[in-house]
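Computed over heavy atoms, backbone and side chain alike; hydrogens, waters and symmetry mates excluded. Residue numbers start from 1 in every chain, and the chains themselves are labelled A, B, ... in the order their sequence lines are given, proteins ahead of strands.
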Protein chains: 4
Amino acid sequence: MRGSKKWSEMDSVRDEIFNNAIRLFAKKGYFSTTIRDVVEKAGVTQPMVYYYFGNKEELFITCIKELYSDFRHKYDEIEKDISFKEFVEKYTRLGEEIFSSNPEKLLLMIHFLYSPEEYPKFPELSEIITRPLKIIIEAVRRAKSRGELAKGVDEYTVALVLFGSMVMTATIIYNAEYFDLKIPITPDKFNKTIKKMLFDSILRKK
Amino acid sequence: MRGSKKWSEMDSVRDEIFNNAIRLFAKKGYFSTTIRDVVEKAGVTQPMVYYYFGNKEELFITCIKELYSDFRHKYDEIEKDISFKEFVEKYTRLGEEIFSSNPEKLLLMIHFLYSPEEYPKFPELSEIITRPLKIIIEAVRRAKSRGELAKGVDEYTVALVLFGSMVMTATIIYNAEYFDLKIPITPDKFNKTIKKMLFDSILRKK
Amino acid sequence: MRGSKKWSEMDSVRDEIFNNAIRLFAKKGYFSTTIRDVVEKAGVTQPMVYYYFGNKEELFITCIKELYSDFRHKYDEIEKDISFKEFVEKYTRLGEEIFSSNPEKLLLMIHFLYSPEEYPKFPELSEIITRPLKIIIEAVRRAKSRGELAKGVDEYTVALVLFGSMVMTATIIYNAEYFDLKIPITPDKFNKTIKKMLFDSILRKK
Amino acid sequence: MRGSKKWSEMDSVRDEIFNNAIRLFAKKGYFSTTIRDVVEKAGVTQPMVYYYFGNKEELFITCIKELYSDFRHKYDEIEKDISFKEFVEKYTRLGEEIFSSNPEKLLLMIHFLYSPEEYPKFPELSEIITRPLKIIIEAVRRAKSRGELAKGVDEYTVALVLFGSMVMTATIIYNAEYFDLKIPITPDKFNKTIKKMLFDSILRKK
DNA sequence: AATGAATGAGATTTCATTCAT
DNA sequence: GATGAATGAAATCTCATTCAT
């Protein structure tokens, strides 16, 4: 066995590159992250990036794609036949889970969403970015057809409110120390309030 | 006439640089925007950037600061003694105005907010970035103290919901074609719905 | 005035790059000539190549094109209404002139001709390479129609014989020391003999 | 059958490397041919090149030497006591044979001859490259001493004419499509004419 | 005999920045 | 104010080569 780490501690070279790339891309963006940054953090040599990923652009795309398929899988597991209340419950809990276990993963997706032109283009981009929004939109639609919602509720706005406020909250928490912010918010607290706000405003009063 | 420019043409070099820099920083981020990009779009020569702005970092900082003072001025004009309903009314209308007249200005601030580490740091940064949020937080606080809000409403979450959903909506609209999105949302429509949602959920029922 | 050279000795940076590039491309080929080779010989810095020529490929293409237009001009000056004898006279003298004044120029064209796939492709390639051959072919044709040639003479073969043997001779002389060759041939001697051979074999006996 | 290859498959790895190396060196030159190019075409792995040939330079040298011994053998079979007419007959037919059966072999030698500095140097180089020329020179000399030639014929020029025009013709035919040339020449046609030209011009009239 | 993984050195290219005029 | 020319430093990427198995 090479090196001094135990097997269980030893990430493969590819994984080491992959994970550090995500972290750096999430923090500094695609362009200001250099291959040298990545390999230094990963403790590997430069050509390894090219060996495993082809080039910088493909490294980035691979990161996004793998994260995406991971996310997608989790979001797709939310059942379709649950009530809107339950949906929001699960949706927000899922976001909270992903964020606390690995904020970088979430932040990279967000970063990408907010500055698409900074990044390499690839065909599946649109699908990846709009997926979480579409999931909410569909859930609102189903709720509507089941008569759960108040009249005149626009599914797109609801989606933007839920998604946008989650994303903003994650960002603010993630960058809290950077901004020297003293906003006493936690994912947990946020989730409680957003749920209350949503339910109060859009569910049909019985 | 020789040797003398009209007023409207004066400082055109500086302005060209400034405006195109904002546009490019907003679209591609700080790092992937090169001085060459800027001067090409602006139709001036490279040393002019250094003559007027010192260097790339200062160019960026100057852009942010000037935008900020512009924004600040407008947001500061919102009166303190109005009802929360009126505040939201004015706040959202202001956002809509800025976005439609010059989306890049707004987008640059947003972009910066989401990836602070990608950009140069400077002392006033934190203040600038968190200002719009703080304005909402204070408005909620005042509303609370005036007894306008339902019990248990958390001012931070409300701020994040309002701000986050505005930001997300602006981003989605701005990047609509890029994402090939068919979400039929307009700032106007969004504003109507977010206001209704907010008021239904957080204002005290009389 | 910068540096210590007198004006008349001072080649511009662009010329310095250009001339040394030709020399090196001619000697070592496109691929094994590095930009560093060029700039070291030229006594300039690397970015200057990109400033004046864009990139390595364009540097090469520019070299070929400029040489070509130079050659073309000279070859086009050969009159059309002269006898075949005179044509060969002028054609060979021209080759001799170019070769002795600047063998690299000729050799680069030859090098290119012999290994087209090693080089960047560009549209005018075909025209450039085949031009000198076509000039001979046309001259043979004109001679034929004027009844100067013996029956059954194939213009393509004549062109290949004249052109091929000139090219080979130039190459052998240019690489003489490299190959440690003791072939006592000079352009002058070669020209005399090739002319005699051609005239003896293809001109119509009176 | 397991573990045992048929004879025809034995050494296939070495052969694959060897043959594809020749093809690529002939087409793209030494420098722009990469080991990866070779192993990809050959369908083997990189270390195999080092196992069988040591390194790139030795791979190239081995290619040249093996080709050379092949050529040498064939050219050495041309008898010394035949007439010059017969010599040219056999010499040109041999060139035609080699070219049609495996043009790359011929082209690699030619390519090398034209740009020696692009290739690795090795002791036997000079001998190898100048061999075919020397064979003609000697033949002309023998013809002279047998009184077959007209007066004043220079053996070097004759060698250069025969060799140079053969080489040029082979090159033009090989690269015809690349150059988009419409020169209707074939090895066969060329051989007929070059022989006629040579004999008409340098053989002693009886 | 064969391979996947790894590497040091070096190639091309770009970028922010400055100098001389 | 303005410019063409120039530069040092660094980024991306490739290549021949080797190691461990």
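- Atom CD1 of I35(A) is separated from atom P of dT14(E) by 16 Å (rounded to the nearest Å).
- Regarding contacts with the backbone of dT14(F), every side-chain N or O of Y50(A) stays at 4.0 angstrom or more from both OP1 and OP2.
- Relative to the side chain of M48(B), the nucleotides dT12(F), dA2(F), dT12(E) differ in distance, and dA2(F) lies closest.
- Look at OH on Y52(B): it is 20 Å from C1' on dA16(E), rounded to the nearest Å.
- At least one donor-acceptor pair closer than 3.5 Å links the side chain of T34(A) to the backbone N or O of D37(A).
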| Given the rule in the side-chain hydrogen bond (donor to acceptor under 3.5 Å, both in side chains) test, do Y30(C) and H111(C) qualify, once you have shown the distances and angles that lead to the verdict? | CA-CA 9 Å; Y30(C) 175 76; H111(C) 196 160; over 6 Å; no
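- Distance CD (E16(B)) to P (dG1(F)): 16 Å, rounded to an integer number of Å.
- You'll find that the side chain of N55(A) is closest to dC13(F), out of dC13(F), dT12(E), dC19(F).
- Cation-pi check for R14(D) over F18(D) is met; the charged atom lies under 6.0 angstrom from the ring centroid and within 45 degrees of its normal.
- Counting to the nearest Å, the P atom of dT12(E) and the CZ atom of F53(C) are 15 Å from each other.
- Atom CZ in F60(C) sits about 14 Å away from atom P in dT12(E), given to the nearest Å.
- Comparing T45(D) and Q46(C) by the nucleotide of DNA chain E that holds the closest heavy atom to each, the one mapping nearer the 5' end is T45(D).
- Of the nucleotides present, dA2(E) is the one that pairs with dT21(F) by Watson-Crick or G-U wobble criteria, both distances under 3.5 Å.
- Within 6.0 Å of atom NZ in K56(D), more than 12 heavy atoms from other residues, nucleotides or ligands are found, so the atom counts as buried in its surroundings.
- Phosphate proximity of dA11(E) to R36(C): present, with a side-chain N or O under 4.0 Å from OP1 or OP2.
- Set against dT12(F), dA6(E), dA2(F), the side chain of T34(A) has dT12(F) as its closest nucleotide.
- Of the nucleotides present, dG10(E) is the one that pairs with dC13(F) by Watson-Crick or G-U wobble criteria, both distances under 3.5 Å.
- Along DNA chain F, the nucleotide closest to F31(B) and the one closest to G43(C) are compared, and the more 5′ of them pairs with G43(C).
- Closest-nucleotide positions on DNA chain E for R14(A) and K56(B) were compared, and the one nearer the 5' end corresponds to R14(A).
- For the residue pair L108(B) and I64(B), the shortest heavy atom distance occurs at CG-CD1, 4.1 Å.
- Taking atom CD of E40(D) as the reference point, atom C1' of dA16(F) lies 15 Å away to the nearest angstrom.
- Contact annotation: Y51(A) does not reach the phosphate of dA6(E) (side-chain N/O to OP1 or OP2, under 4.0 Å).
- For the pair I17(B) CD1 and dT17(E) P, the interatomic distance rounds to 14 Å; values are reported in whole Å.
- Among the atoms of the strands shown, only primed sugar atoms or phosphate atoms (P, OP1, OP2) are found under 4.0 Å from some heavy atom of T33(D).
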